[in-house]
**Student:** 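Here it is, the structure in full.
The residues of the chain are indexed from 1 along the displayed sequence.
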Amino acid sequence: MFTPYASTRPLRSLLAENPKLITTLSRFGIPLGFGDRTVEQVCTEAGVDTHTFLAVVNLLTGRKTHHNPEKLSLSQLLAYLRNSHDYFLQFVLPRVRRDLIEAISSDAQGEVSMMILKFYDDFVEEVTRHMEQEERNTFAPIDALLAGHTGVSIEGFDDVHHPMYDRLRELKEIFVCHYHAETPRTDLLNSVLLDIITCERDIADHGIVEEHLLLPALHDLEYSLASDPSDEPGEPEKTTQELTGREKEIVVAIAHGLGNKQIADRLCVSVHTVTTHRRNICAKLDIHSPAGLTIYALIHGLVDITSIKP
């Protein structure tokens, strides 16, 4: 594991070691021409949160550190990810398609070439559908949460992302191991292959940022919005047995046999909020099963034995 980059490092030195970070700059809206200025100086001038920028940079360069989700700018992470979507859909994927057509169009294996192109088009359609769904079901609701709206549901973001880049990996294997090019345009085909490999890695990195940075920051936001008003910000961690009023409500619902979705509907919160509360309940009580939480609820008088389903 490499030493994480610090805000005092000249930004140009990061690019010298990791040229791929150039696209990261553009997704944060950081222009080039920053000379020898430090990461913090450049970020400040561009209106970018330095901690969030370094969190992404360190994660993508194998310098993963434990970031406090509270310090991350969720709005800037969203802007970064949305710019990534635009980069894929409006620039990279169309360019690869144009170059792919040019590289295989003169090949005598016409049917194979058409199948390869359809394979690629199906992949682009899958990526487009995924990113549109992500904008609708995840990014837009996060905007609403940031605006202070309650009862917002974010669907399925806790689920493992479907590995969209699998098709690119398969296409790469087809070219490397099986495709016998009869075209004289070998250099162009190799260039397309390199673009496919780069795109595959870039889409994988996109998912890593969502999983390791956006999701924890989202959980932190939802939990802060769902906390009892009596829970003051910065309050020391409660003792093991002490639950908030909302956490007790969730324990009662669990004891009554309700699942996360049913609890969310009953309390008018998102499933993510319920998941976050359950995680904190289990951490406080060191009780993880529904049966154990039911016993806890009975012992502490939160439910009556007659209300528990056999």
Side-chain angles (χ1 to χ4, degrees), residues 20-21 23-24 26-29 52 55-56 59-60 64 69 72-101 115-146 152-175 192-219 221-222 260-261 264 270-273 275-276:
K20 74 174 186 177
L21 291 179
T23 58
T24 303
S26 66
R27 293 171 195 179
F28 272 105
T52 303
V56 173
L59 179 63
L60 295 182
K64 182 181 176 183
L72 294 174
S73 170
L74 192 50
S75 62
Q76 292 197 3
L77 271 178
L78 275 184
Y80 168 88
L81 293 168
R82 279 173 164 146
N83 287 337
S84 298
H85 284 189
D86 290 342
Y87 176 76
F88 292 129
L89 299 179
Q90 299 180 20
F91 178 70
V92 173
L93 296 177
R95 187 196 66 193
V96 171
R97 188 181 193 277
R98 289 194 299 269
D99 292 346
L100 182 61
I101 291 173
M115 291 182 67
I116 289 175
L117 185 59
K118 184 179 185 307
F119 187 92
Y120 180 79
D121 285 344
D122 287 345
F123 159 74
V124 173
E125 183 179 346
E126 180 183 6
V127 172
T128 302
R129 184 169 57 250
H130 172 89
M131 291 184 174
E132 289 176 348
Q133 185 177 28
E134 194 167 66
E135 171 63 36
R136 183 173 59 254
N137 295 339
T138 302
F139 293 175
I142 291 177
D143 285 336
L145 285 176
L146 290 173
V152 177
S153 176
I154 299 177
E155 301 175 7
F157 197 67
D158 269 327
D159 299 335
V160 177
H161 284 108
H162 181 70
M164 298 180 296
Y165 51 87
D166 276 357
R167 278 184 177 267
L168 284 183
R169 184 180 297 126
E170 291 175 8
L171 188 57
K172 176 186 67 177
E173 292 301 314
I174 288 172
F175 280 129
V192 173
L193 179 58
L194 182 59
D195 284 342
I196 289 173
I197 293 171
T198 302
C199 188
E200 172 197 343
R201 293 172 179 170
D202 204 2
I203 290 179
D205 285 344
H206 179 77
I208 289 172
V209 171
E210 291 182 328
E211 180 181 353
H212 293 281
L213 295 179
L214 181 67
L215 185 56
L218 171 59
H219 281 158
L221 173 65
E222 289 194 313
N260 285 355
K261 181 65 168 61
S270 73
V271 175
H272 287 286
T273 298
T275 302
T276 302

**Student:** Just do the salt bridge (charged side-chain N to carboxylate O under 4.0 Å, His left out) check on Glu125 and Arg129 with the steps written out, would you?
**Tutor:** CA-CA 6 Å; Glu125 183 179 346; Arg129 184 169 57 250; 3.7 Å; yes
**Student:** Run the side chain to side chain contact (heavy atoms under 4.5 Å, CB included) test on Arg97 and Leu117 for me, step by step, so that the C-alpha distance in whole Å, both residues' side-chain angles and the decisive distance to 0.1 Å come before the verdict.
**Tutor:** CA-CA 8 Å; Arg97 188 181 193 277; Leu117 185 59; 3.9 Å; yes
**Student:** Can you run down the salt bridge (charged side-chain N to carboxylate O under 4.0 Å, His left out) pairs that involve residues 72-81, sequence neighbours left out, and say none if there aren't any?
**Tutor:**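 Residue pairs with at least one partner in residues 72-81: there are none.
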**Student:** Could you tell me which residues satisfy side-chain hydrogen bond (donor to acceptor under 3.5 Å, both in side chains) with Asn260, sequence neighbours excluded, listed by chain and number?
**Tutor:**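 If we apply the side-chain hydrogen bond (donor to acceptor under 3.5 Å, both in side chains) test to Asn260, skipping adjacent residues, the hits are Arg278.
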**Student:** Kindly indicate, with the supporting measurements, whether the criterion side chain to side chain contact (heavy atoms under 4.5 Å, CB included) is fulfilled by Phe28 and Asn83.
**Tutor:** CA-CA 8 Å; Phe28 272 105; Asn83 287 337; over 6 Å; no
**Student:** If I compare all heavy atoms of Arg136 with all of Pro141, which pair ends up nearest, and what's the gap?
**Tutor:**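 The answer is O-CD, 3.4 Å.
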**Student:** Examine distances only and state if a side-chain atom of Tyr120 and a backbone atom of Leu93 form a donor-acceptor pair shorter than 3.5 Å.
**Tutor:**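 Such a contact is found between Tyr120 side chain and Leu93 backbone.
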**Student:** Tell me, please, which residues at least two apart from Phe175 pass ring pair (Phe, Tyr, Trp, His ring centres under 6.0 Å).
**Tutor:**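 Residues passing ring pair (Phe, Tyr, Trp, His ring centres under 6.0 Å) with Phe175: Tyr179.
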**Student:** Any side-chain heavy atom of Leu81 sitting closer than 4.5 Å to one from His206?
**Tutor:**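 Yes, side chains in contact.
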**Student:** Give me the atom names and distance for the closest heavy-atom approach of Val192 to Leu100.
**Tutor:**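 Minimum heavy-atom contact is CG2-N, 3.8 Å.
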**Student:** Answer whether the closest heavy-atom distance between the side chains of Glu126 and Asp122 falls below 4.5 Å.
**Tutor:**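 No, their side chains stay 4.5 Å or more apart.
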**Student:** How would you list, by chain and number, every residue that makes a side-chain contact (heavy atoms from CB on, under 4.5 Å) with Lys20, sequence neighbours excluded?
**Tutor:**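 Once residues adjacent in sequence are excluded, the partners of Lys20 under the side-chain contact (heavy atoms from CB on, under 4.5 Å) criterion are Asp205.
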**Student:** What pairs with Tyr87 under side-chain contact (heavy atoms from CB on, under 4.5 Å), at least two apart in sequence or on another chain?
**Tutor:**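 For Tyr87 the side-chain contact (heavy atoms from CB on, under 4.5 Å) partners, ignoring immediate neighbours, are Thr23, Arg27, Phe91, Val92, Asp202.
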**Student:** What are the two closest heavy atoms between Ile196 and Leu168, and how far apart are they?
**Tutor:**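 Between these two residues, the closest heavy atoms are CG2-O, 3.7 Å.
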**Student:** For a quick test of reading the model, state the closest non-hydrogen atom pair linking Ala55 to Leu72 and the distance between them.
**Tutor:**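 In terms of heavy atoms, the two residues are closest at CB-CD2, 3.6 Å.
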**Student:** Holding to side-chain hydrogen bond (donor to acceptor under 3.5 Å, both in side chains), I want the full list of residues that pass it with Ser26, two or more places apart in sequence or in another chain.
**Tutor:**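 So Ser26 forms no side-chain hydrogen bond (donor to acceptor under 3.5 Å, both in side chains) with any residue.
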**Student:** Run the side chain to side chain contact (heavy atoms under 4.5 Å, CB included) test on Leu89 and Met131 for me, step by step, so that the C-alpha distance in whole Å, both residues' side-chain angles and the decisive distance to 0.1 Å come before the verdict.
**Tutor:** CA-CA 9 Å; Leu89 299 179; Met131 291 184 174; 4.0 Å; yes
**Student:** Go through the steps for Arg82 and Asp86 under the test salt bridge (charged side-chain N to carboxylate O under 4.0 Å, His left out), then give the verdict.
**Tutor:** CA-CA 6 Å; Arg82 279 173 164 146; Asp86 290 342; over 6 Å; no
**Student:** Heavy atoms, side chains only, cut-off 4.5 Å: are Leu213 and Ile208 in contact?
**Tutor:**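 They are not in contact (no side-chain heavy atoms under 4.5 Å apart), so the answer is no.
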**Student:** Can you tell me if Ser73 uses its side chain to pair, donor with acceptor, with the backbone of Thr52 under 3.5 Å?
**Tutor:**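 Not a single qualifying donor-acceptor pair exists.
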